[in-house]
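Down below is the structure, laid out as structure tokens.
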Amino acid sequence: MKSIEELIDTYNDFPKKGIEFKDVLGISKDPKIFKELILKMSSSQIIKNADAIISIDARGFIFGSAISLQASKPMIVARKPGKLPGELLEKKYNLEYGENSLSIQKEALNKFNSYAIVDDLLATGGTINCVTKILESNNKEVVGILVVVELMKLEGRLKLKYPIESAITF
Ligand code: AMP
């Protein structure tokens, strides 16, 4: 059986020169390993202690929704511009390769008090930091952060003052 690491292909210079892109989409092509990963992430104390999961556009949705089903926890989403209807809470952030912003539906965020943040990958930490800032400014509790991959040399975790669990590190 392959390991999770073997399912993650690396693409050099994508989407920009100098970026070593880790493609997590290989994981969902192997249901057995995908399931093992989801069972492990779902059993985290961070998930257990949160009222709800907040997963991040777009690859975070793959893992966040599977964890939500497995752990029977509600899931809401943080999305890139122009994707969500209704009244939004929005914040800009810097990426390893550019700038973007994330929005959360106000009505969805108001439903729960404490959140576990789920994304596919932690690089510089700008994306997840943006979500923590939206949560903090709306008086919501961040229980912790779960990612499939953490790129250690980018030191994203230094930006984040919450517990972080990563399934794989590079
Ligand atoms: P960051 O805000 O720098 O932590 O970037 C995290 C977000 O950008 C994640 O949602 C990833 O999908 C994406 N990302 C950033 N760097 C990479 C990379 N080297 N390989 C794959 N995805 C990346």
Side-chain angles (χ1 to χ4, degrees), residues 4 22 24-25 27-28 31 33-96 100-152 154-169:
I4 303 184
K22 298 287 180 192
V24 297
L25 298 180
I27 297 172
S28 55
I33 292 186
F34 186 33
K35 190 169 184 178
E36 256 178 40
L37 172 70
I38 294 305
L39 290 176
K40 187 172 165 238
M41 292 177 85
S42 306
S43 67
S44 162
Q45 217 46 50
I46 293 172
I47 298 291
K48 289 190 175 140
N49 292 343
D51 294 338
I53 291 163
I54 180 158
S55 63
I56 305 178
D57 199 346
R59 287 172 293 259
F61 298 166
I62 298 170
F63 303 96
S65 51
I67 294 167
S68 159
L69 283 176
Q70 177 61 34
S72 299
K73 292 278 178 177
M75 185 189 81
I76 71 163
V77 296
R79 296 213 68 180
K80 287 167 191 160
K83 301 285 186 183
L84 287 173
E87 200 179 338
L88 303 179
L89 303 158
E90 188 176 0
K91 191 161 174 51
K92 284 204 177 94
Y93 67 102
N94 293 313
L95 260 182
E96 194 187 354
N100 214 330
S101 80
L102 284 173
S103 301
I104 300 170
Q105 283 173 315
K106 191 172 178 183
E107 161 277 325
L109 195 72
N110 285 343
K111 282 205 166 78
F112 311 102
N113 286 319
S114 64
Y115 287 91
I117 300 172
V118 174
D119 203 2
D120 65 323
L121 184 139
L122 173 61
T124 66
T127 307
I128 292 174
N129 194 39
C130 172
V131 175
T132 67
K133 291 276 180 286
I134 299 175
L135 293 173
E136 285 165 5
S137 58
N138 288 278
N139 300 314
K140 300 297 175 184
E141 185 194 344
V142 180
V143 179
I145 296 156
L146 267 82
V147 292
V148 178
V149 175
E150 179 173 357
L151 303 180
M152 299 305 284
L154 294 174
E155 298 185 321
R157 65 167 56 226
L158 301 182
K159 269 201 194 85
L160 305 163
K161 57 183 184 206
Y162 300 102
I164 303 168
E165 290 176 12
S166 40
I168 309 159
T169 57

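Keep in mind it's a predicted model, so treat the numbers as computed, not measured. All values below were derived from every heavy atom in this structure, side-chain atoms included, with hydrogens, water molecules and symmetry-related copies excluded.
A side-chain donor-acceptor contact under 3.5 Å links Lys159 to the backbone of Thr124. Using modelled atom types, no side-chain atom of Lys73 and backbone atom of Ile67 make a donor-acceptor pair closer than 3.5 Å. A donor-acceptor pair under 3.5 Å links the side-chain atoms of Tyr115 to the main chain of Leu109, judged by distance alone. When atom types are taken as modelled, the side chain of Asn129 and the backbone of Gly125 share no donor-acceptor pair closer than 3.5 angstrom.
The CE atom of Met75 lies 5.0 Å from the OG atom of Ser65; values are rounded to the nearest 0.5 Å. Distance check, rounded to the nearest 0.5 Å: CD1 of Ile134 to CD1 of Ile104 gives 4.0 Å. Remark: Ser68 OG to Ile38 CD1 distance equals 10.5 Å, nearest 0.5 Å. If you take NZ on Lys140 and OG1 on Thr132, they are separated by 15.5 Å, rounding to the nearest 0.5 Å. Atom CD1 of Ile145 sits about 4.5 Å away from atom CD1 of Ile164, to the nearest 0.5 Å. Expressed to the nearest 0.5 Å, how far CD1 of Ile56 lies from NZ of Lys80 amounts to 9.5 Å.
Across all their heavy atoms, Met41 and Ile47 have their closest contact at O-CG1, 3.5 Å. For the pair Tyr162 and Gly144, the tightest heavy-atom approach, listed with the atom from each and the gap, is CB-CA, 4.4 Å. Scanning all heavy atoms of the two residues, the minimum distance from Leu151 to Lys22 falls at CD2-CG, 3.9 Å. When all heavy atoms are compared, the tightest approach of Ser114 to Asn49 is OG-O, 3.8 Å. Closest approach of Ile76 to Ala108, counting heavy atoms only: CG2-CB, 4.0 Å. Minimum heavy-atom separation, Glu150 to Ser166: OE1-OG, 2.8 Å.
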Does the side-chain contact (heavy atoms from CB on, under 4.5 Å) test come out yes or no for Ile168 and Leu37, once each step is laid out?
CA-CA 10 Å; Ile168 309 159; Leu37 172 70; 5.9 Å; no
Please evaluate residues Asp57 and Val77 with respect to the criterion side-chain contact (heavy atoms from CB on, under 4.5 Å), reporting the C-alpha separation (whole Å), side-chain torsions for both, the decisive distance (0.1 Å), and the verdict.
CA-CA 7 Å; Asp57 199 346; Val77 296; over 6 Å; no
Hey, mind stepping through Glu141 and Asn113 against side-chain contact (heavy atoms from CB on, under 4.5 Å) and telling me if it holds?
CA-CA 6 Å; Glu141 185 194 344; Asn113 286 319; 5.9 Å; no
Step-by-step side-chain contact (heavy atoms from CB on, under 4.5 Å) determination, Phe63 to Leu146:
CA-CA 10 Å; Phe63 303 96; Leu146 267 82; over 6 Å; no
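For the side chain to side chain contact (heavy atoms under 4.5 Å, CB included) test with Leu122, the passing option among Leu160, Thr127, Val149, Leu154 is Leu160; the others fail.
In this structure, the side chains of Leu102 and Val131 come closer than 4.5 Å at one or more pairs of heavy atoms. For the pair Asn100 and Pro81, the minimum side-chain heavy-atom distance is below 4.5 Å.
No salt bridge links Glu36 with Lys40; every basic N to acidic carboxylate O contact stays at or beyond 4.0 Å.
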Pairs of donor and acceptor atoms involving the side chains of residues 83-93, under 3.5 Å and at least two apart or interchain, shall be tabulated with distances.
residue : atom : partner : partner atom : Å
Glu87   : OE2  : Lys106  : NZ           : 3.4
Glu90   : OE2  : Ser101  : OG           : 2.9

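Side-chain contact annotation: Ser42 with Gln70, donor-acceptor N/O pair under 3.5 Å absent.
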